[in-house]
Amino acid sequence: MTFTRRVQNLKPEGAYAVLARAQELEAQGRPIIHLEIGQPDFQTFAHISEKGIEAIRSGHTKYNPPAGLPRLRQAIAEDAGRRRGVSFNPAQVVIGPGAKPGLFFPTLALVEAGDEVIYPDPGFPTYAAMIEIAGGVPVPVPLVEENAFSFDLKVFDARLSSRTRLIILNSPANPTGGVIPPADLEHIAAAAQEYDCWVISDEIYARLVYDGLQAPSIAALPGMDQRTILVDGFSKTYAMTGWRLGFGIMPESLAQRVELLLTHSVGCTATFTQMAGIEAILARQDLVDEVVVEYQRRRDRMVAGLNAIPGLHCQVPQGAFYVFPNVRSFGISSSELARRLLDEAGVAVLAGTDFGPYGEGYLRLCYATSPEKIERGLERLTQFFKEL
Ligand code: PLP
């Protein structure tokens, strides 16, 4: 069978592929420690679930406007704006089933065939996929460990050109946990203005930042609200990955185009999911704060445990729920190491190269799992690397 060029290079996300293999092993009776998939291990907070259930019971099971419920758009404009020190109006907010449509549809609306798009490598695999589907030219810029996994700005400058249409940022980042510092954001913002490009700022992990820090948003820099698509959602902050709820905030004229793309693709986002989302934003936030404290504890344990393994080096990431240890000294490719860790030690992790070629020499481990599983995972990792 022949398929269009736009889908020929599509690959599964590494996390889903490893999860499938891990489940196969589990079906054969092998106990596996899951450190691969990037989702919170705790349940959606009960008050949020209750609102969703109540909404279904009271008949909120019909179509709603493609850009989302006005009340949710309003709540997001206020909440996301207040947290970043930017003033947004609800017409700029477009709701979608997850954060992914907020990445995908603006890319489709802005990138013509042949336009170049700069994106982080290692980075979330959807970036390269959506650039290719849009017919754009993916231009990866490495994230470097020495810069706490921010861009190498020299390479960034060298890869920027009059052909660049869009720059994709992700802070805090998947897979590295890195947070882009203010000076780098200012550099990138000045470049975007000079070259007249758009910026997608994927801030899905914005609330998961540790050590009392905050992740600054490029949207808050002067003039940047005119050329930034801020993407965030409910999946990570409120443990709502399966509810499918996210959003993009962008200039109104672009929001109208994205709304049309939603109209003709997904139609709209589930009404009861959005009603649960309103509750998530407007009700108590102390549970999110508690979870962040718990993630920080797990991060610290994970980093300490990994750094106790001779030959392995792991930075302390400032955000998200991933660690990205350097395993170069073992002289084995990341994908081979990840495969052997699963098959021989029963620990599911991702290869850095699942996030792009510049991820070679690293593994990604997710610590959004119970402290007991982290301990058992660390024991198995320690033993595995000792015998390597
Ligand atoms: N952006 C990043 C960086 C992610 O890691 C993820 C999910 O893993 C998403 C976007 C997608 O989020 P959602 O599940 O809300 O579509």
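As the structure lists them, so they are numbered: ligands from 1, and atoms in each ligand from 1.
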*From CG (Leu185) to OG (Ser171), nearest 0.5 Å*: 6.5 Å
*Taking any residue with a non-hydrogen atom under 4.0 angstrom from an atom of ligand 1, which ones do you get?*
Gly98, Ala99, Lys100, Phe124, Tyr127, Asn170, Asn174, Asp202, Ile204, Tyr205, Ser235, Lys236, Arg244
*Before accepting this row, confirm whether a basic side-chain N of the pair Arg339/Glu336 lies closer than 4.0 Å to the acidic partner's carboxylate O.*
yes
_What's the separation between atom CD in Gln214 and atom CG in Asp211, rounded to the nearest 0.5 Å?_
13.0 Å
_Working note: Arg298 + Glu372, criterion salt bridge (Lys or Arg N to Asp or Glu O under 4.0 Å); need CA distance, chi angles, decisive distance, verdict._
CA-CA 10 Å; Arg298 295 178 188 181; Glu372 297 73 39; over 6 Å; no
*Salt bridge or not for Arg5 and Glu132, using N-O below 4.0 Å?*
no
*Passing option when Tyr238 is tested against Leu245, Leu287, Thr44, Val288 for side-chain contact (heavy atoms from CB on, under 4.5 Å)*: Val288
